[in-house]
Novice: 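Have a look at this one before I ask anything.
No experiment lies behind these values; they were computed from the predicted model shown. Whatever order the structure lists them in is the order used to number ligands and atoms, beginning at 1.
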Amino acid sequence: MRHLLTLEDLDRTTITRLLDRAEHYRHDGAPRGLLSGRTVLTLFFEPSTRTRTSFVLAAKRLGADNVNFDLSHSSTVKGESLLDTLHTLEAMQLDALVVRHNENGMPKYLADHANTGVAIVNAGDGTHAHPTQGLLDALTIRQRRPDFENLRVTICGDIRHSRVARSDAQALHTLGVRDIRLCAPRAMLPETLHELPGCATSEDFDTALEGADVVVMLRIQKERMADAQLPDATDYHAHYGLDARRLARAAKDCQVLHPGPINRGIEIAPEVADGPQSRILDQVANGVVTRMAVLAELLTQPA
Ligand code: ASP
């Protein structure tokens, strides 16, 4: 692994190794100073709360230097191209560049042009992929249910515009899940994802929840839609909001995940977000160790 751009090309052994490493860090911490003398730069062209903070913490907990690139005060606002920015940063002896961008494929473009020795990590590109989220969601699920082959997983919300849905489905499929139900109103159903073996689409949330062991709720990606496409919030909640009454249709110990930020009262009711089946804060905690595992994997392997 030289870069982490998508989960599509990672096999089950590699994903399992990353999850094992993350779990190990969660229990025992990382070896002291594992990445000391290395530099990790975070470059976010879209807003972020959890992902950016957890990458910063991950780099620090591994002993690396972290530089948070402040876009509003950088020369990109003066028109510097992304490639010129990349080469400028590389000249400062960069080891890893963690990048989030609203354009699909931008991390790959940077990876194609990066110097050998610089690892590019995709922290979310457009509607395409969010690989570390896919890994941390798989880790969260595995902590309670390691038997991926038996799991029924429902992913509900704006799947069409969700890079999380794509990476979650990829990770779970590779790990052996055979029943993945993608549920959304027609306008938010995916154009391609249902081609993944084991994935089925549906517009009826009540049916899609029947017996589910895991439900992943997603936010409506307003920033990727025209205002006219946005559904009415009350109507959306009535059909696609997860409340306690609906959750009762799923398996008794069904785990509820949400990558955040959550919109209470739209895709998820507070009683569920804060309820006993919610794994949302576990996802956040797992985010840090998963990102540590990814940085350690990329920056400690033999050249
Ligand atoms: N934080 C996740 C992402 O960046 C999910 C979301 O924003 O809805 O894709």
Side-chain angles (χ1 to χ4, degrees), residues 4-8 42-58 68-69 71 97-108 120-141 153-172 182-185 187-190 192-193 214-225 229-231 233 236-237 240-242 256-269 272-273 278-288 290-291 294:
L4 178 64
L5 305 174
T6 153
L7 296 180
E8 263 164 67
T42 43
L43 176 62
F44 278 58
F45 291 88
E46 277 192 346
S48 168
T49 303
R50 284 148 287 268
T51 306
R52 189 210 285 252
T53 314
S54 56
F55 265 114
V56 169
L57 283 174
N68 217 342
F69 192 86
L71 276 172
L97 179 64
V98 178
V99 63
R100 167 171 289 189
H101 204 280
N102 61 352
E103 268 180 55
N104 291 10
M106 191 53 91
K108 163 129 179 44
I120 305 290
V121 184
N122 181 2
D125 61 330
T127 61
H128 172 239
H130 194 346
T132 55
Q133 183 76 45
L135 293 172
L136 77 90
D137 286 350
L139 178 68
T140 305
I141 295 166
V153 179
T154 304
I155 305 180
C156 179
D158 183 6
I159 294 168
R160 179 172 296 191
H161 302 104
S162 173
R163 53 197 178 205
V164 174
R166 231 162 292 281
S167 288
D168 276 5
Q170 278 294 344
L172 294 173
L182 307 171
C183 179
M188 295 182 193
L189 278 174
T192 53
L193 199 52
V214 175
V215 52
V216 181
M217 297 305 297
L218 300 169
R219 177 181 72 89
I220 300 172
Q221 307 280 298
K222 292 186 183 148
E223 66 276 36
R224 306 190 204 287
M225 294 159 115
Q229 290 176 284
L230 290 175
Y236 184 84
H237 185 69
Y240 296 99
L242 185 62
V256 177
L257 277 71
H258 191 308
I262 62 174
N263 287 301
R264 291 169 181 264
I266 302 184
E267 74 274 10
I268 192 162
V272 174
S278 170
R279 306 292 316 279
I280 297 172
L281 294 178
D282 296 316
Q283 287 173 274
V284 177
N286 286 328
V288 179
T290 300
R291 289 167 179 132
V294 166

Novice: Please confirm whether Gln221 comes under 4.0 Å of ligand 1, counting heavy atoms of the residue only.
Specialist: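 Distance cut 4.0 Å: Gln221 passes for ligand 1.
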
Novice: Just checking, is any N or O donor in the side chain of Thr127 or Asn104 under 3.5 Å from an acceptor N or O on the other one?
Specialist: yes

Novice: I need the atoms of ligand 1 closer than 4.0 Å to a non-hydrogen atom of Arg219, numbered in the order shown.
Specialist: 6 (C), 7 (O), 8 (O)

Novice: Which ligand 1 atoms are under 4.0 Å away from a heavy-atom of Val164?
Specialist: 2 (C), 5 (C), 9 (O)

Novice: Would you list the pairs meeting salt bridge (Lys or Arg N to Asp or Glu O under 4.0 Å) in which at least one residue belongs to residues 99-108, sequence neighbours left out?
Specialist: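 The answer is Lys108-Asp112.
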
Novice: If every non-hydrogen atom of Ser167 is compared with every non-hydrogen atom of Leu7, which pair is closest and at what distance?
Specialist: O-CD1, 3.5 Å

Novice: Can you tell which part of His130 has a heavy atom less than 4.0 Å from ligand 1: side chain, backbone, both or neither?
Specialist: side chain

Novice: Could you tell me which non-hydrogen atom of Arg166 sits nearest to which non-hydrogen atom of Ile159, and how far apart they are?
Specialist: NH2-O, 3.4 Å

Novice: Any heavy atom of Ser162 closer to ligand 1 than 4.0 angstrom?
Specialist: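 Judged by the 4.0 Å heavy-atom criterion, Ser162 does not count as contacting ligand 1.
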
Novice: Begin with the C-alpha distance, continue with both residues' side-chain angles, and end with the deciding distance and a verdict on side-chain hydrogen bond (donor to acceptor under 3.5 Å, both in side chains) for Glu267 and His258.
Specialist: CA-CA 10 Å; Glu267 74 274 10; His258 191 308; 2.7 Å; yes

Novice: Taking only residues two or more places apart in sequence, or in another chain, which ones meet Leu189 in a side-chain contact (heavy atoms from CB on, under 4.5 Å)?
Specialist: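 Partners of Leu189 under the side-chain contact (heavy atoms from CB on, under 4.5 Å) test: Ala184, Thr201, Glu203.
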
Novice: For ligand 1, is Gly124 a contact, meaning one of its heavy atoms is under 4.0 Å away?
Specialist: no

Novice: Enumerate the atoms of ligand 1 whose separation from the nearest heavy atom of Pro261 is less than 4.0 angstrom.
Specialist: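 Result: 6 (C), 7 (O).
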
Novice: Tell me the protein heavy atom at minimum distance from atom 5 (C) of ligand 1, and give that distance in Å.
Specialist: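 The closest one turns out to be Gly260 O, 3.3 Å.
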
Novice: What protein heavy atom lies closest to atom 9 (O) of ligand 1? Include the residue and the distance to one decimal.
Specialist: Arg163 NE, 2.9 Å

Novice: I'd like to check which ligand 1 atoms, numbered from 1 as shown, lie under 4.0 Å from a non-hydrogen atom of Arg100.
Specialist: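 Every atom of ligand 1 under 4.0 Å from some heavy atom of Arg100: 4 (O).
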
Novice: Between Arg52 and Thr42, do the side chains contain a donor N or O and an acceptor N or O under 3.5 Å apart?
Specialist: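 No pair is found: no donor N or O on one side chain lies under 3.5 Å from an acceptor on the other.
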
